[in-house]
Amino acid sequence: METGDSFPYRSSLRFHLCFLCADLDRRGRTRRDSSPSWRKRSSHPSGDSEDLWKQAFPVGTEWDQIDLLLKHNWNFSNLEDAFEEGGILHGKKVYIFSCTEPQAKSIATLIPVVIAVVSPYPPSDKIVCTSVQMASEEIIDMKRMKMDWVPYIPLGKRDSSVERLKTQIFVLGCVQRRAGLKHLKLERVKKFEYCIPYVYNPLEEDETEQSTIVDILYPAKPEPVFCQFDLDMDELEEFTNERISAEELSEDQWNGFKKFVREKVGERKRANHEERVRRRIAQEQLSAERVAAFQNMKFYKFYPVATPDTPDDISGVKAAFINRYYGKAHQVF
């Protein structure tokens, strides 16, 4: 929620045109023109928002996997229903982002998942870049990754002026062109795949603040030692002796290991303290309207509806968890 309530409309139009062009079939028609019979019997005969899920950039998905997503005719009529009268999102200001999850029966098949955030303000103007190769996560401005919250333009209104639409729906879009990837360094290309949607709520403690566990990866030889030190339960000398008894450490590594653990424990305590100070300052700077927005912010998670055109039934893989920053959705569809 670090950003104001203004949006780059020109960038948003460019984003929508780019994504629609990517969704053209070989005969030059959009997928909407050749919808299967079950889609035409939808409760939304106008189909104005049937491509809503496609307009949100699938954050953290490998570029070649994005093409595979469009090969399946995923159905998000549940998302469309949510915006209809009586639906959970009807009449509300909504910010939408997309991500992917592996299918239980085949980790090679990714499932598109849509997250709808109900809030009067954008949830964040930041994104997290991380990977298993990186030592730490990096929180950066979305615009550095060519991402931003852009207004969603319904299919039947794309000839209208964006300013006149006064839309209540915004999607997390990306204007990075596929053709431009070949001109980027591999590290930069991979960075898109390591992105995670980010939100910071200063009214709530981060899960790492609440945890008393410190992960220890000691660079011992011949093999590194991985263990977890509990700030509340473990005593350092006893903890070290246990590693030696388990033959994870040699006796001559006793002092070095203790020093290493002390350093990691100190880093965790300092980080927790800095986060508490940061959160307190952020709380003091919040207006009453922003406090109310955080308190009433809701997350809704949408999975594709099962149809004859989609892969195996995914009802058994639905989960409320979004990511470590958003936590769990208030409701899953």
Side-chain angles (χ1 to χ4, degrees), residues 1-9 11-12 56-57 59-60 82-83 88-99 114-130 136-152 163 166-174 195-212 267-302 320-332:
M1 194 173 290
E2 296 86 345
T3 186
D5 201 17
S6 60
F7 300 88
Y9 293 118
S11 295
S12 71
F57 180 71
V59 182
F83 285 99
I88 196 75
L89 303 177
H90 179 69
K92 298 176 181 177
K93 198 165 190 176
V94 181
Y95 295 86
I96 288 177
F97 66 85
S98 175
C99 54
V114 174
I115 310 299
V117 181
V118 175
S119 171
Y121 305 103
S124 179
D125 62 355
K126 309 292 183 185
I127 200 85
V128 174
C129 290
T130 184
S136 61
E137 297 175 334
E138 183 183 15
I139 300 174
I140 62 175
D141 289 339
M142 285 181 179
K143 291 182 179 180
R144 285 179 55 185
M145 302 305 296
K146 296 190 176 183
M147 298 183 195
D148 213 335
W149 298 106
V150 296
Y152 171 69
E163 289 80 0
K166 296 181 179 179
T167 182
Q168 290 283 92
I169 307 173
F170 299 85
V171 296
L172 181 54
C174 178
C195 286
I196 302 174
Y198 174 78
V199 66
Y200 176 67
N201 185 346
L203 304 182
E204 296 180 355
E205 283 190 355
D206 185 271
E207 63 179 16
T208 56
E209 288 183 74
Q210 302 172 3
S211 175
T212 62
E267 289 174 5
R268 165 58 68 80
K269 290 181 177 179
R270 286 192 296 273
N272 287 352
H273 173 71
E274 291 171 0
E275 178 56 33
R276 285 192 291 270
V277 172
R278 174 195 178 202
R279 190 174 64 253
R280 177 177 55 79
I281 294 174
Q283 289 174 353
E284 293 171 351
Q285 295 175 342
L286 288 177
S287 64
E289 291 78 9
R290 294 277 178 166
V291 170
F294 275 122
Q295 291 174 335
N296 297 313
M297 187 181 291
K298 300 293 183 183
F299 309 142
Y300 299 100
K301 189 174 183 180
F302 293 84
F321 185 74
I322 300 172
N323 64 37
R324 66 174 294 257
Y325 298 101
Y326 276 84
K328 293 182 178 181
H330 293 89
Q331 194 169 348
V332 179

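The figures here come from the full heavy-atom set of this structure, side chains too, leaving out hydrogens, waters and symmetry mates. Please read these numbers as outputs of a predicted model, since none were measured by experiment.
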message: Run the side chain to side chain contact (heavy atoms under 4.5 Å, CB included) test on Tyr200 and Arg278 for me, step by step, so that the C-alpha distance in whole Å, both residues' side-chain angles and the decisive distance to 0.1 Å come before the verdict.
response: CA-CA 11 Å; Tyr200 176 67; Arg278 174 195 178 202; 3.7 Å; yes
statement: For Ala292, the side chain to side chain contact (heavy atoms under 4.5 Å, CB included) test, sequence neighbours excluded, returns Asn296
query: With sequence neighbours excluded, what pairs up with Ile139 under the side chain to side chain contact (heavy atoms under 4.5 Å, CB included) test?
result: Lys126, Val128, Tyr198
message: Tell me whether the count of non-hydrogen atoms from other residues, nucleotides or ligands lying under 6.0 Å of NE2 in His273 goes above 12.
response: no
Nearest non-hydrogen partners of [X] and [Y], listed with the distance:
| X | Y | result |
| --- | --- | --- |
| Ala116 | Phe302 | CB-CE1, 4.0 Å |
| Trp149 | Ile96 | CZ3-O, 3.4 Å |
| Val118 | Val94 | CG2-CG2, 4.3 Å |
| Pro120 | Ala293 | CG-CB, 3.7 Å |
| Asp148 | Met142 | CA-SD, 4.2 Å |
| Val332 | Ala329 | CG2-CB, 4.4 Å |

message: Between His330 and Phe299 (side chain of the first, backbone of the second, donor and acceptor by atom type, cut-off under 3.5 Å), is there such a pair?
response: yes
- request: For Lys301 and Phe321, indicate whether the former's side chain and the latter's backbone hold a donor-acceptor pair under 3.5 Å.
  value: yes
Note, [X] side chain near [Y] side chain (heavy atom, < 4.5 Å):
| X | Y | answer |
| --- | --- | --- |
| Ile88 | Gln331 | yes |
| Tyr121 | Glu289 | yes |
| Met147 | Cys195 | yes |
| Phe97 | Val117 | yes |
| Phe83 | Gln168 | no |

Please name all residues satisfying side-chain hydrogen bond (donor to acceptor under 3.5 Å, both in side chains) with [X], sequence neighbours left out, ordered by chain then number.
| X | value |
| --- | --- |
| Arg280 | Glu284 |
| Glu274 | none |
| Asn323 | none |
| Tyr326 | none |

Option passing side chain to side chain contact (heavy atoms under 4.5 Å, CB included) with Pro197 (candidates Val59, Ile322, Ile115): Val59
- prompt: side chain to side chain contact (heavy atoms under 4.5 Å, CB included) with Ile281: which of Gln285, Gln283, Arg279?
  reply: Gln285
Interatomic spacing from [atom1] in [X] to [atom2] in [Y] - rounded to 0.5 Å:
| X | Y | atom1 | atom2 | value |
| --- | --- | --- | --- | --- |
| Cys129 | Met145 | SG | CE | 4.5 Å |
| Ile127 | Arg144 | CD1 | CZ | 12.0 Å |
| Met297 | Glu204 | CE | CD | 9.5 Å |

